[in-house]
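Read the structure below first, then the notes.
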Amino acid sequence: MFIDKVKIYVKAGDGGDGMVAFRREAYVPDGGPAGGDGGRGGDIVFEVDEGLRTLMDFRYQKHFKAKRGEDGRSKNQHGKNAEDLVIYVPPGTTLRDSDTGDVIADLTTHKERFTAVRGGRGGKGNTRFTTPANPAPEIKENGEPALERNIELELKLLADAGLVGFPSVGKSTLLSVVSAAKPKIGDYHFTTIQPNLGVVESDNGSSFVMADLPGLIEGAHEGTGLGQQFLRHIERTRVIIHVVDMSGFEGRDPFEDYETINEELRQYNMRLLERPQIIAANKMDMPGADENLAAFREKVPDDVSVYPVSSLTKGGLTNMLRETAEFLEQTPEFPLYEEQEESKVVYRYQKPESPFTITRADDGAFEISGAEIEKIFKMTDMSKDDSINRFSRKMRQMGIDEALRKRGAEDGDTVRLLDFEFEFIE
Ligand SMILES: Nc1nc2c(ncn2[C@@H]2O[C@H](COP(=O)(O)OP(=O)(O)OP(=O)(O)O)[C@@H](O)[C@H]2O)c(=O)[nH]1
Ligand SMILES: [Mg+2]
């Protein structure tokens with residue numbers, strides 16, 4: 001199985017901050033609180049786009065951050081929610097959490113969506129903290145910080161275009177110059193005994209998977225050479241790139257080669273010849289190739305596309321790849337998923353995290369950590385007494401004061417939370 005893999009980093013958008021504001025209208029004495037809530041941060045969403053074939057685009061972009069929600073405004077106006085960040089992937093993409101190794105989604109059908117990380121919620125504005133006891137609160141929350149995640153995308157590659165031809169015509173060399181694949185190349189026959197796959201980028205912006213197949217010889221359909229099992233690979237490709245050696249090397253006639261291979265394809269499965277076929281007339285850098293090509297063109301039907309190329313000098317390849325990409329756009333899919341084994345999404349039991357832990361630093365300070373308390377801290381506006389009081393109450397409700405006391409904290413001891421220090425007061 002050939003697999004394309006890429007690791008990316010995603011972060012959802014933080015929530016916008018709440019606002020502290022008061023109404024100041026004429027004739028309204030002591031206008032009440034009027035600070036609006038912050039908007040929600042954008043989610044990170046994956047969506048299947050059937051037009052994509054590979055994970056090529058992720059070679060250039062590996063970091064994705066959704067936008068932050070807008071801050072709340074005065075007159076009780078809600079900050080705007082941020083748009084979700086949609087990341088497009090080809091059908092058949094599996095998402096894995098790189099840190100746990102768990103499969104988190106299997107995306108197969110066009111437009112299928114999966115939300116990988118939720119945006120943070122907006123912080124509350126001061127209006128929401130109004131109580132009969134405190135009709136003009138100066139409290140607001142900061143936006144909820146959003147989570148980040150390292151995700152590994154995995155795509156099982158199925159060949160779109162297959163390189164077909166006699167041994168030693170230069171199939172592996174061709175794949176090696178149009179993709180990052182590094183197949184073995186040799187001047188002896190049957191150098192390639194296993195198909196090699198590479199991702200090719202055409203200059204029209206699309207990318208596709210090219211398979212370098214082992215050489216075929218006469219009688220392949222009956223099992224001669226490495227025949228049968230490789231003909232089966234060709235069955236699964238949508239466009240055939242027929243590589244013909246134009247150097248006439250070893251006294252061979254390029255047109256005879258061409259016909260022999262097509263006859264093998266026909267014998268194996270007549271329908272193979274219905275597939276679009278492009279001829280890569282290879283080794284055009286060799287002496288005598290021009291004359292051989294002229295003779296070849298005379299015999300080949302007019303509607304067959306012949307591209308004179310040289311895998312050695314890379315001449316002529318761009319046009320050939322462009323036409324391959326165009327053919328692929330017009331050629332229907334063959335069933336894609338029949339041979340993929342089911343990969344199961346794992347729902348792992350999440351051990352509930354303890355809301356906080358207390359440790360002792362070298363300087364004697366008590367250090368508090370934990371996702372829950374850190375989140376509450378980040379959402380607290382530390383510049384306002386009302387907010388700080390509210391934070392202290394939350395610490396007490398969570399049992400942190402009690403726990404500190406048990407650990408031996410006394411009046412005046414330093415307590416640290418992230419980059420913030422305060423004194424423990426009985
Ligand atoms: N001059 C010249 N030599 C080439 C060109 N392409 C490939 N060759 C040479 O031809 C020989 C065979 O190349 P391969 O790419 O291994 O051929 P193949 O079709 O993959 O062969 P098998 O795997 O045996 O079927 C090597 O010595 C290559 O260097 C070309 O465009 N010009
Ligand atoms: Mg080869």
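FYI, side chains are in, hydrogens and waters are out, and symmetry mates aren't considered; it's all heavy atoms of this structure. Numbering of ligands and ligand atoms starts at 1, following listing order.
The pair D257-R252 counts as a salt bridge, with a side-chain nitrogen and a carboxylate oxygen less than 4.0 angstrom apart. For E141 and R390, the salt-bridge test passes: some basic side-chain N is under 4.0 Å from an acidic carboxylate O. Taking the charged nitrogens against the carboxylate oxygens, R128 and D37 do have a contact shorter than 4.0 Å, which makes a salt bridge. Using a cut-off of 4.0 Å between Lys/Arg side-chain N and Asp/Glu carboxylate O, R121 and D14 are scored as not salt-bridged. Electrostatic pairing of D84 and K67 does not count as a salt bridge here, judged by no charged N lying under 4.0 Å from a carboxylate O. The pair R238-D160 counts as a salt bridge, with a side-chain nitrogen and a carboxylate oxygen less than 4.0 angstrom apart. The existence of a salt bridge linking R113 and D43 is excluded, since no basic side-chain nitrogen approaches an acidic carboxylate oxygen closer than 4.0 Å.
Residues M398 and I376 meet the side-chain proximity criterion, which asks for heavy atoms closer than 4.5 Å.
Compare P214, G170, A280, P167 by their heavy atoms: the one nearest to atom 17 (O) of ligand 1 is in G170. Scanning S172, G316, G186 for the heavy atom closest to atom 12 (C) of ligand 1 points to G186.
Within ligand 1, the atoms closer than 4.0 Å to a non-hydrogen atom of M286 are 1 (N), numbered from 1 in the order shown. Remark: ligand 1 atoms within the under-4.0 Å shell around heavy atoms of F190 are 24 (O). Each of the following atoms of ligand 1 lies closer than 4.0 Å to a heavy atom of H189: 24 (O). Of all atoms in ligand 1, numbered sequentially from 1 with element shown, those under 4.0 Å from a heavy atom of D187 are 27 (O). Set against the non-hydrogen atoms of Y188, the atoms of ligand 1 under 4.0 Å away are 24 (O). Which parts of ligand 1 touch G215 is read off a 4.0 Å heavy-atom cut-off, strictly below it: atoms 25 (O). The contact set between ligand 1 and D285, taken as ligand atoms under 4.0 Å from a residue heavy atom, comprises 1 (N), 2 (C), 30 (C), 31 (O), 32 (N).
With no hydrogens or angles considered, a side-chain donor-acceptor pair links S305 and E323 at under 3.5 Å.
A donor-acceptor contact shorter than 3.5 Å links the side chain of E374 to the backbone of G370. Within the 3.5 Å criterion, the main-chain N or O of V89 finds no donor-acceptor partner in the side chain of T93.
H242 pairs with exactly one of V169, V306, I278, N262 by the side chain to side chain contact (heavy atoms under 4.5 Å, CB included) rule, that one being N262.
The nearest heavy-atom contact from the protein to atom 25 (O) of ligand 1 is K171 NZ, 2.9 Å. Protein heavy atom in closest approach to atom 6 (N) of ligand 1: N282 ND2, 3.4 Å. Closest to atom 29 (O) of ligand 1, if we only count protein heavy atoms, is I185 CG2, 4.1 Å. The shortest contact between atom 21 (O) of ligand 1 and any protein heavy atom is with S168 N, 2.8 Å. Nearest protein heavy-atom contact of atom 23 (O) of ligand 1 is T192 OG1, 2.8 Å. What sits closest to atom 31 (O) of ligand 1 on the protein, heavy atoms only, is S311 N, 2.9 Å. The closest protein non-hydrogen atom to atom 3 (N) of ligand 1 is K283 CD, 3.9 Å.
Surrounding CD of E298 are at most 12 heavy atoms belonging to other residues, nucleotides or ligands under 6.0 Å away. The 12-atom threshold is exceeded at NZ of K384, counting heavy atoms of other residues, nucleotides or ligands nearer than 6.0 Å.
Ring centroid separation for the pair F420 and F422 comes in under the 6.0 Å cut-off.
At under 3.5 Å, a nitrogen or oxygen of L312, whether backbone or side chain, sits near a nitrogen or oxygen of ligand 1.
Proximity of T173 to ligand 1, defined as any heavy-atom pair under 4.0 Å, is shared by backbone and side chain alike.
With waters left out, the protein N, O or S atoms under 2.8 Å from the Mg ion (ligand 2) add up to 2.
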